[in-house]
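Atoms within a ligand are numbered from 1 in the order they appear, just like the ligands themselves.
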Amino acid sequence: MCGIVGYVGTREATPILLEGLKKLEDRGYDSAGIALINGGDAIELRKKSGRLDNLRRHLVNDPARGACGISHTRWATHGPPTDENAHPHTDQSGLLARVHNGVIENYQPLRDGMLARGHTFKSQTDTEVLAHLIGECYEAEAGAGTPETRLIAAVRKALGQITGAYGIAVMHLDAPGFLVGARLGSPLVVGLGKNENFLASDVTAIISHTSRAIYLNDHDLVYLTASDFNIENIEGGTAAYEVSQVEFTAEAAELGDYPHFMLKEIFEQPVSIENAFRGRLSDEEASAKLGGLNLSPSELRDIDRIVLCGCGTAFHAAMVGEYLIETLARIPTEVEISSEFRYRNLPLDKNTLVFTISQSGETIDTLAALREARRKGHRVLGLVNSVGSTIARESDGGVYLHAGPEIGVAATKSFTSQVTTLALLALLLGRMRHLSLAEGRTILEEIRALPDKVRQILTLSDHIKRIAECYLDCPGMLYLGRQFNYPTALEGALKMKEISYIYASGHASAELKHGIIALVSETCPSVFIAPKDTLLEKNISNIEEVKARKGPVIAITTEGCTEMERIADHVIYIPPTLECLSPLLAVIPLQLLSYHFAVAKGCDVDKPRNLAKSVTVE
Ligand code: AGP
């Protein structure tokens, strides 16, 4: 959940490192720091608590020069966000610096041992312990080779003593122009430039400098100079790797004319939804084409149970997927929160197919769920946005979302891309079983119509902004929906709570009478997702119950359903579509409602407090 950027080349490293950290601020923004080597007799170390701009301002008055450096933006795990706890951390000698993404679980006994050996620590972090351990191992290698080989050996020895997850970058004053990186459980990518090379925890940090990337695997150790690199296994020996061409441009990771990435990504959804189904629709078969599943038609027909795993928004998309697959393909499907799946011993037989759903492809609990299922011999497929991410690479196959980089911490386009992909999967499986040609064609037609229908909803942004501004003092909100839109209610509530910090909860509408209605009051608005479907009348009854208790109601409903204006305080109309695809439209007003509400409250929409874009620590 932290951001790492390393550079070794011929240019001044500081602006490159700061630009990279800026692109990774969604991964953690408690503090930031850089360390450079410039041929002097000390490491140039600058680090500040708070946002990256604090460090940037500090560097104006106290610049750091050098063409080799490492940097870090932090999401605090051990120790509060202070200058001392900010990365990079140095070893006892002050000649070695390192940055870390992950958690060292056995840092306390290691720290105690080094204290007994006379080490003194400046911070409360687990990271500093590993810096000291690597430094101690480096000193123990004295006389055994060049500084570079000693540093590689020291990193190996130190990492062999720790338990936990790490993505690290290390450098030593004795070895100017030389960086060492290693990963276990936390992402790390190498960027290959011309007379310069990069290390980063995500390719978006370096895409403006190179589109050639190597996504490291767990247990990889890499070392870089300006003109060369090598990748080995942490236990020794060579490691396989491949150089990938990054599929998106630097502009895709830029804010453009938008005030926030979240709004940009909400407005990108007509395109990102289209990207999710482009080239994957078969008119001839009235079905979908998902070659990345790596399963033959007969293998797909043998599937008699599906498990969908995810966290947060990905879990909500999985819930929609459950309704989609059971409705269109009649295959028993269940959804699991990844962190639950990995610890429960779910009985799975050989014809059960497990899907792991993740925008980042690095969520540690979803990765652990994947590994747990594979450990038991099950095929696991990934529905992932980040190409080359760990989940994508460790899956037996899968489907990329092609949504482009999602920078805003609040997931938006990744949700609609995940649901679109799950709709394609359900269509494919359904057309292999009992869905008719005509039914398949109807679904294809509606999928193709989605981008324009989303565009139409996006024109309501100002209308939704005005609605949001009516409730800025509310203590919380209730979100209610049925069937396909019960997950939509959960997703709408998550958006609201995570960026505006008010209480918001999602429920199946009929649950109102089972306790939820106790929360209804004049100050607590209820947001109903009530499209014109088979359960509209039931939702209207629920709305009446809320109104009878003076609860304000915001209703999302289908165009033409004007009776809603009789009972709801605010109505947001969405175009008609198939019931099974309605979450893709109903969620857009909820995204906009939470966005405008949070902005009006002065919240930091793209970097909400306590959160990070990719949860790579448990
Ligand atoms: C959703 O807005 C949050 N950012 C969070 O719940 C997120 O969906 C979750 O952490 C899963 O992330 P992933 O899709 O990258 O695995």
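In the model, Thr363 has no side-chain atom that pairs as donor or acceptor with a side-chain atom of Asp365 under 3.5 Å. His87 and Ser31 form no side-chain donor-acceptor contact under 3.5 Å, judged by distance and modelled atom types alone. Using modelled atom types, one finds no donor on one side chain facing an acceptor on the other under 3.5 Å when comparing Ser386 with Glu362.
The side-chain hydrogen bond (donor to acceptor under 3.5 Å, both in side chains) test applied to Thr416 returns Gln269, not counting sequence neighbours. Ala423 is linked by a side-chain contact (heavy atoms from CB on, under 4.5 Å) to Leu324, Leu581, counting only residues two or more places apart in sequence or in another chain. Residues forming a side-chain contact (heavy atoms from CB on, under 4.5 Å) with Cys474 (at least two apart in sequence, or on another chain): Tyr471, Met477, Ile502, Pro525, Phe597.
Within 4.0 Å of ligand 1, contacts by protein heavy atoms are made from Cys311, Gly312, Thr313, Ala314, Ser358, Gln359, Ser360, Thr363, Val409, Ala410, Ala411, Leu494, Lys495, Glu498, Val615.
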